[in-house]
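Right, one structure below, let's go through it.
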Amino acid sequence: MNVIETAQLTRRFGATDAVHQLDLVVPAGSVCALLGPNGAGKTTTIKLLMNLLRPTAGAARVLGVDSRRLGPHEFARIGYVSENQELPRWMTVRQFLDYCRPFYPTWDCDLESRLLGQLALPADRKLRHLSRGMAMKAALLAALAYRPQLVVLDEPFGGLDPLVREEFIHGLLEASEAGEWTMLVSSHDIEEVERLADRVALLDAGRLRLDESTDSLLARFRRVEIDLHGGPTTLGVAPAAWLEMERAGDRVRFIDSNHSPAGSESDYHARCPSGAITVRPMTLREIFIALARATRAEAKGAAA
């Protein structure tokens, strides 16, 4: 079952497509990271999914319902936390939770209590007296305590100090251990996302550039360096999967975006039979930067 499905989802502002013909699938039980540079369309996508914006074209289904028809029944099964979220600042943390609890029949008081301690939230302090990080944790607690089927986080880590980020992550992990749920998280903090996500969707200029499991993505990207030692080489035309290829003297460096342990390394040796080959895994952040550069280069080539 897919918790989120979009088909040619498009949102246009004037002559600009903020989201262009997006086909995105988020399977049940997965944690999907929605990545992309500023202006990529991440927040617009989330607003379309949450029925905060209407699509110009195409459609989205969330929890099996057309996103344009999401109502109280569906929102009672969705936890939503945004960096721009407004909270009732005159309430204390405890009053805020007391206020939210009656709206959700599935509210778990034991989970609420555990998260309150895990997130180190001062229950009797007014929300207006909390730091931004503490306020975000209060919003997270209120979004998780009723065990939603879907959790949507829009830039939840921005501006948080390292300790608060760690507590925020622990809160998410605590909730995930309490039952199966699905999460879509949009973030620039790729290191934090890498700890959570088992699926990655990359947006650029409103277009989906990739959508695959984190394991698959990390497995197929490798940074390769070949020391030719002055020996013969038949490099020829580099495959399209080789990104950022450069040669300096006897060294050739590139990123292989379609690596396989057997086939790829045999190809390296065939092209450089006497070369010393070093193959290194890449982090999700390194892969993101490489793909962003490749996309930018493609755009410049198309415009030339």
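All values reported here derive from a predicted model rather than from experimental measurement. All values below come from the heavy atoms of this structure, side chains included, with hydrogens, waters and symmetry mates left out.
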Any residue meeting side chain to side chain contact (heavy atoms under 4.5 Å, CB included) with [X], in chain and number order, not counting sequence neighbours:
X    : value
A18  : F13, T44
T283 : E194, R285, E286
D110 : D108, R114
T16  : none

Ion pair D17/R12, N-O distance below 4.0 Å
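A salt bridge is present here (some side-chain N lies under 4.0 Å from a carboxylate O).
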Nearest heavy atoms of [X] and [Y], plus distance in Å:
X    : Y    : result
A139 : L87  : CB-CD2, 4.2 Å
D204 : P37  : OD1-CG, 3.3 Å
D198 : G29  : OD2-O, 4.3 Å
L284 : L218 : N-CD2, 3.9 Å
T6   : A60  : CG2-CB, 3.9 Å
P148 : I78  : CB-C, 3.9 Å

Please name the residue in the list L202, L35, L203 that meets the side chain to side chain contact (heavy atoms under 4.5 Å, CB included) test with R209.
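Exactly one candidate clears the test, L202.
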Only one of L34, I46, V62 forms a side chain to side chain contact (heavy atoms under 4.5 Å, CB included) with V152, so which one is it?
I46
Residues in side-chain hydrogen bond (donor to acceptor under 3.5 Å, both in side chains) with [X], at least two apart?
X    : value
T43  : D154
R220 : E212
R199 : D211
N258 : none

Taking the side chain as every heavy atom from C-beta outward, state whether [X] and [Y] have any atom pair closer than 4.5 Å.
X    : Y    : value
Y99  : M91  : yes
L127 : F96  : yes
M183 : L150 : no
F254 : E244 : no
L121 : M134 : yes
R125 : T92  : no
T10  : L22  : no
V93  : L130 : yes

As an exercise, state the distance from [atom1] of [X] to [atom2] of [Y], rounded to the nearest 0.5 Å.
X    : Y    : atom1 : atom2 : value
D256 : M245 : CG    : CE    : 11.0 Å
R280 : I255 : CZ    : CD1   : 9.0 Å
R222 : S260 : CZ    : OG    : 10.5 Å
M136 : L153 : CE    : CG    : 7.5 Å
S67  : I4   : OG    : CD1   : 10.0 Å
T278 : I226 : OG1   : CD1   : 9.0 Å

Going by the salt bridge (Lys or Arg N to Asp or Glu O under 4.0 Å) test, which pairs reach into residues 31-53, not counting sequence neighbours?
none
Salt bridge (Lys or Arg N to Asp or Glu O under 4.0 Å) pairs, two or more places apart, involving residues 58-69
D66-R68
Donor-acceptor pair, distance only, cut-off 3.5 Å: does the side chain of [X] make one with the backbone of [Y]?
X    : Y    : answer
S257 : A241 : yes
R11  : R54  : yes
E112 : C109 : no

So ring pair (Phe, Tyr, Trp, His ring centres under 6.0 Å) across residues 107-153, not counting sequence neighbours, yields Y104-Y146
If two hydrophobic side chains count as joined below 4.5 Å and joins carry through other members, does [X] share a cluster with [Y]?
X   : Y    : answer
V19 : L70  : yes
M50 : V185 : no
L63 : F75  : yes
W90 : L97  : yes

From CA spacing to verdict: side-chain contact (heavy atoms from CB on, under 4.5 Å), L24, E5:
CA-CA 6 Å; L24 176 68; E5 294 180 344; over 6 Å; no
Step-by-step side-chain contact (heavy atoms from CB on, under 4.5 Å) determination, V151 to T182
CA-CA 6 Å; V151 177; T182 304; over 6 Å; no
Among residues at least two apart in sequence or on other chains, which ones pass salt bridge (Lys or Arg N to Asp or Glu O under 4.0 Å) with D98?
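With sequence neighbours excluded, D98 shows a salt bridge (Lys or Arg N to Asp or Glu O under 4.0 Å) to R101, given in chain and number order.
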How far apart are the C-alpha atoms of I277 and V224, what are their side-chain angles, what is the distance that settles it, and do they pass the side-chain contact (heavy atoms from CB on, under 4.5 Å) test?
CA-CA 7 Å; I277 299 170; V224 182; 4.3 Å; yes
Do other residues, nucleotides or ligands put more than 12 heavy atoms under 6.0 Å from the CZ atom of R128?
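Counting neighbours around CZ of R128, more than 12 heavy atoms of other residues, nucleotides or ligands fall under 6.0 Å, so yes.
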side-chain contact (heavy atoms from CB on, under 4.5 Å) evaluation trace for V3 with Q149
CA-CA 9 Å; V3 171; Q149 290 177 252; over 6 Å; no
